[in-house]
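Structure, as structure tokens:
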Amino acid sequence: MSVQKNSSPEKTGQEKFSRLLEPLDLGFTQLRNRVIMGSMHTGLEELSMERQAAFFARRAAGGVGLIITGGIATSREGGLGPGSSGMFTEKDAEHHRVVTSAVHASGGKIVMQALHAGRQSFHTEMLAPSAKQSPIYPFAPRAMTEDDIERELGNWANAARLAKLAGYDGVEIMGSEGYLLNQFLTTRGNERDDKWGGTYENRMRFPLEVVRRIREATGTDFIIVYRLSMMDLVPDGQSLEEVLTFAKRIEAEGVNIINTGIGWHEAKIPTIATMVPRAAFSWITRKIKDVVSIPVAASNRINMPSVAEDILVSGDADLVSMARPMLADPDWVNKAAANREEEINTCIACNQACLDHTFQLRLSSCLVNPQACNETELVYIKTDKPKKIAVVGAGPAGLSFATVAGERGHQVTLFDADTKIGGQFNIAKQIPGKEEFHETIRYFDVMLGKHGVRKMLGRRVSAHDLAAFDEVVLATGIVPRKLDIPGLDHASVMSYLDVLRDKKPVGKRVAIIGAGGIGVDTAEYLTHDAHHKSASLDIPTFLREWGIDPEFAARGGIAGVQEQVEASPREVYLLQRKTKKITGPGKTTGWIHREALLKKKVQMLTGVSYTQIDDEGLHVSVGDKAMTLKVDTIVLCAGQEPQRELQAALEEMGKKVHLIGGADVAAELDAKRAIDQGARLAAII
Ligand code: FAD
Ligand code: NAP
Ligand code: SF4
């Protein structure tokens, strides 16, 4: 992974990113550069059009060439759930005007994503080509009748006509991720034996008709983007030949831009999470680009300008589409253009505040940028009463506080016992698949300098050192929880800090006590050989480990392909007391961690009681069964307690003390809460 530290002094941003910043002429309209903000459902769609307008306008002001909204249903049956935002009537179109006007006033262009979810929805009125239930959705759909088909075609055209009325510059037809149009194209979703199913020619009929009717309803001066599933990554997905055929046919029907979609939601392969290498799928986009003459956009794990520029220069694509990176930094394009790449707040692909929230029906935001989707709620205003503030702890909470308080004009001094900033992120960044965490530390370091925060590193501070400050923020993090298991002082026992931070030697047979986020990450670390490349840093390794066919000779990109995973250098047990299945903590990423550990043959035991540790190993009972795990190392990953050693002494001195991050509450602490809490305190102090 290239961690951007310095911008090239000899080139301007315009020169360095000349392809990325090159305008794109679509004939009837121009895009100011090659950056598309991809579609994301944030929850603002249903919450407030005014907040949605502020959210998009901020990204337009930040230089994005073309914004695509979150999915807007073309019919009630096509919505993602009951009450999903839709474009059905002229009143709906009127409702959207505030968004399009705000984006246009900020110099941007915006298209509405038109979506029909088909069987991938959370309501009972679902329609699909066939009555086949998706394995990951709770209800079975009803097979569409001929009348349904005709009505839904009319609804697609109507939604696009209304989008034009609302002031949108175009629509994106959502044709990937396993939604309705994608279902029609595959035998996985379409088992019809009428003119809408059977041969590929018949399976293409519905999506082609959608394009034709939308073009007819909106005229020639309206952008049509088609989000095309280029590799379905599911059994019975499309073949490469079919995808290429379809791409040529939608071009002929008047699509202006083809955007990349990779994998159905029900695919068992990660496509956007942080363990996916950057630009892992642009080689597939290239295959489409080679057979059409309209512009084609690459997507998935593109998060920095140099990555995007390389894709364009290599000829894999004509545009790049990024969704989450625009949550993380609305000024992404302007910073690239000004050669300030190192100031970009990089999306680390954690999904923790965006996709995880969507799946929990919560408003999205961003772990590294709590202002995302809170543009009108979390505002950093210059202070007219600058204070001298000490921040103790340069982990995510302290860094977030210090940079925002500095930006607002306070005089901030940041202390840390460590010689470098980052706190636990310095540990997290070495876990295979978490290399992006380097970028967050780099970003904060640059921002500390920019906002005049004084760094005092390499010394553990005492209350006495802080006497001269008006206020003190304690962001001192956590200490590992102490356990009470007989034999805990045995030489085989260590904490995750001994392993991950202090690199103490670990044996060949290991038991990990605690299977929370840190236990899972420690298992990941111990099952990787340090000499082998992490799959997250190497596309061929990633494709091999997840069984993706780099030639796309196989249907869906996976049929008949064997996964090849490097064997673990250790035998690892991952243990927890709870009886529930062990996964990683993320709603949308937990399954990936579980799959990855299973591939490494990690033995996950639940419902465990810890009895004793001695020379034989770890004695446990699982349910009623007593057993001895003959391990030579036992790693404790059993949670954390707040570290507040300075609080009492400071309060005795009469100092105003604020607690943030782990120092405040250690239970269920993560970087999302630490950064959010730091920023929110700094916004009002
Ligand atoms: P910390 O990061 O613990 O920082 C506290 C800082 O205070 C430290 O640098 C310490 O040196 C300093 N300090 C303490 N006392 C003093 C003193 N007296 N004087 C000077 N300095 C002092 N979270 C996620 O959200 N997503 C993840 O994927 C994720 N992965 C993780 C993986 C691993 C392996 C680990 C260990 C953690 C991970 N976390 C993750 C958790 C995340 O890193 C923490 O929630 C976050 O770092 C807490 O931030 P904080 O600022 O409260 O504390
Ligand atoms: P955690 O998530 O609270 O997990 C602690 C683990 O220890 C649990 O498995 C718990 O399960 C076990 N445990 C708790 N008390 C115990 C006891 N007295 N004896 C034995 N086992 C005990 O904490 P963590 O793993 O230290 O992670 C800290 C924070 O960082 C978490 O909030 C986590 O979400 C965050 N983090 C996030 C990620 C991510 O990818 N998003 C990655 C790493 C860390 P049982 O009680 O069932 O045994
Ligand atoms: Fe990216 Fe994580 Fe922010 Fe989502 S929450 S936009 S994945 S950094």
Side-chain angles (χ1 to χ4, degrees), residues 40 272-274 303 323-328 345-357 364-369 372 392-401 415-418 420-431 434 436-437 440 456-457 459-462 465 474-485 496-497 500-501 513-522 524-525 574-580 582 584-586 589-590 593 606-608 610 636-640 642-643 645-646 660-664 666-675 677-678:
M40 253 177 310
I272 59 167
T274 192
N303 63 350
R324 298 169 302 165
M326 298 300 153
L327 278 181
N345 197 359
T346 306
C347 167
I348 59 173
C350 63
N351 287 357
Q352 284 177 240
C354 51
L355 224 57
D356 284 356
H357 280 207
S364 291
S365 184
C366 172
L367 178 140
V368 299
N369 174 23
V392 188
L399 289 169
S400 171
F401 175 87
F415 296 91
D416 203 293
D418 203 339
K420 52 192 180 305
I421 65 161
Q424 290 179 64
F425 262 32
N426 286 310
I427 306 172
K429 74 186 184 189
Q430 335 157 60
I431 306 295
K434 287 204 164 167
E436 291 287 2
F437 283 53
T440 305
M456 303 283 281
L457 303 177
R459 193 166 66 88
R460 200 162 191 92
V461 291
S462 65
D465 298 320
L474 289 184
T476 42
I478 48 81
V479 283
R481 174 177 288 133
K482 290 208 166 33
L483 299 189
D484 186 18
I485 304 172
Y496 66 90
L497 293 175
L500 303 174
R501 185 191 61 194
I513 293 185
I518 292 179
V520 166
D521 275 355
T522 303
E524 190 78 50
Y525 179 84
L574 182 57
L575 313 172
Q576 80 179 12
R577 296 172 306 173
K578 285 187 284 291
T579 48
K580 80 177 189 42
I582 295 175
T589 51
H593 291 290
T606 61
V608 177
Y610 307 106
L636 306 179
C637 302
Q640 309 168 331
Q643 159 91 282
E645 59 186 18
L646 301 175
I660 57 173
D664 179 25
E668 292 178 19
L669 168 72
D670 60 9
K672 178 178 70 174
R673 171 152 66 77
I675 291 175
Q677 207 178 3

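Both ligands and their constituent atoms are indexed starting at 1 by order of listing.
Looking at atom 30 (O) of ligand 2, its nearest protein heavy atom turns out to be Leu669 O, 3.3 Å. The shortest contact between atom 4 (O) of ligand 2 and any protein heavy atom is with Gly516 CA, 3.4 Å. Nearest non-hydrogen protein atom to atom 41 (C) of ligand 1 is Gln424 OE1, 4.2 Å. In terms of protein heavy-atom proximity, atom 2 (Fe) of ligand 3 is nearest to Cys350 SG, 2.4 Å. Scanning all protein heavy atoms for the shortest distance to atom 1 (Fe) of ligand 3 gives Cys347 SG, 2.4 Å. Among protein heavy atoms, the minimum distance from atom 5 (S) of ligand 3 is reached at Leu367 N, 3.2 Å. Given atom 19 (N) of ligand 2, the protein heavy atom at minimum distance is Leu483 CD2, 3.5 Å. Nearest to atom 7 (S) of ligand 3 among the protein's heavy atoms is Asn351 N, 3.1 Å. Of the protein's non-hydrogen atoms, Lys434 NZ, 2.9 Å is the one closest to atom 30 (N) of ligand 1. The closest protein non-hydrogen atom to atom 9 (O) of ligand 2 is Ala515 N, 2.8 Å. The closest protein non-hydrogen atom to atom 51 (O) of ligand 1 is Ala397 N, 3.0 Å.
In Leu399, neither the side chain nor the backbone holds a heavy atom less than 4.0 Å from any atom of ligand 1. Looking at Arg673 against ligand 1, nothing comes within 4.0 Å, counting heavy atoms. When heavy-atom distances to ligand 3 are checked against a 4.0 Å cut-off, Ala349 comes that close only through its backbone atoms N, CA, C and O. At a heavy-atom distance under 4.0 Å, atoms from both the backbone and the side chain of Asp670 approach ligand 1. Heavy atoms of Leu367 found under 4.0 angstrom from ligand 1 belong exclusively to the side chain. The part of Ala475 lying near ligand 1 is the backbone, judged by heavy-atom distances below 4.0 Å.
The presence of a protein heavy atom under 4.0 Å from atom 49 (O) of ligand 1 is confirmed.
Which parts of ligand 3 touch Cys354 is read off a 4.0 Å heavy-atom cut-off, strictly below it: atoms 4 (Fe), 5 (S), 6 (S), 7 (S). Short contacts between ligand 2 and Gly639, defined as distances under 4.0 Å to a heavy atom of the residue, involve ligand atoms 5 (C), 7 (O), 23 (O), 26 (O). Ligand-side atoms of ligand 2 in range of Lys578: 10 (C), 11 (O), 45 (P), 46 (O), 47 (O), range being under 4.0 angstrom from any heavy atom. Heavy-atom contacts of Asp521 reach the following atoms of ligand 2: 42 (C), 43 (C) (cutoff under 4.0 Å). Against a heavy-atom cut-off of under 4.0 Å, Cys637 is close to the following atoms of ligand 2: 5 (C), 6 (C), 7 (O). For ligand 2, the atoms closer than 4.0 angstrom to any heavy atom of Gln352 are 41 (N). Remark: ligand 2 atoms within the under-4.0 Å shell around heavy atoms of Tyr610 are 20 (C).
Taking only non-hydrogen atoms, the option from Ala417, Cys637, Ala428, Cys350 nearest to atom 31 (C) of ligand 1 is Ala428. Which of Ala353, Gly584, Pro585, Ala671 comes nearest to atom 23 (N) of ligand 1 through a heavy atom is settled by distance: it is Ala671. Looking at Arg673, Gln424, Lys434, it is Lys434 that brings a heavy atom closest to atom 40 (O) of ligand 2. Compare Gly395, Pro396, Ala666, Ala394 by their heavy atoms: the one nearest to atom 47 (O) of ligand 1 is in Pro396. Of the listed options Asp416, Asp418, Asn426, Asp416 places a heavy atom closest to atom 11 (O) of ligand 1. For atom 48 (O) of ligand 2, the candidate residues are Lys672, Arg577, Lys482; the nearest heavy-atom contact is made by Arg577.
Heavy-atom distances between Tyr525 and ligand 1 stay at or above 4.0 Å for every pair. By the 4.0 Å heavy-atom criterion, Gly517 is excluded from the residues contacting ligand 1. Gln430 does not count as a contact of ligand 1, since none of its heavy atoms falls under 4.0 Å from the ligand. Residue contacts with ligand 2 include Pro585, since one of its heavy atoms falls under 4.0 Å from the ligand.
Screening Thr274, Thr346, Asn303 against Glu436 for a side-chain hydrogen bond (donor to acceptor under 3.5 Å, both in side chains) leaves a single residue, Asn303.
Counting backbone and side-chain atoms alike, Cys366 contributes an N/O/S atom closer than 2.8 Å to atom 3 (Fe) of ligand 3.
Residue contacts with ligand 2: Gly514 is placed with no nitrogen or oxygen under 3.5 Å of a nitrogen or oxygen of the ligand (distance criterion only).
Thr579 places no side-chain N or O within 3.5 Å of a backbone atom of Thr606 that could act as its donor or acceptor partner. Between the Gln430 side chain and the Leu500 main chain, a donor and an acceptor come within less than 3.5 Å of each other.
Ion pairing between a basic and an acidic side chain is recognised when a charged N comes within 4.0 Å of a carboxylate O; Arg459 and Asp465 show such pairing.
Minimum interatomic distance between Leu574 and Gly514 (heavy atoms only, all atoms of both residues): CD1-O, 3.7 Å.
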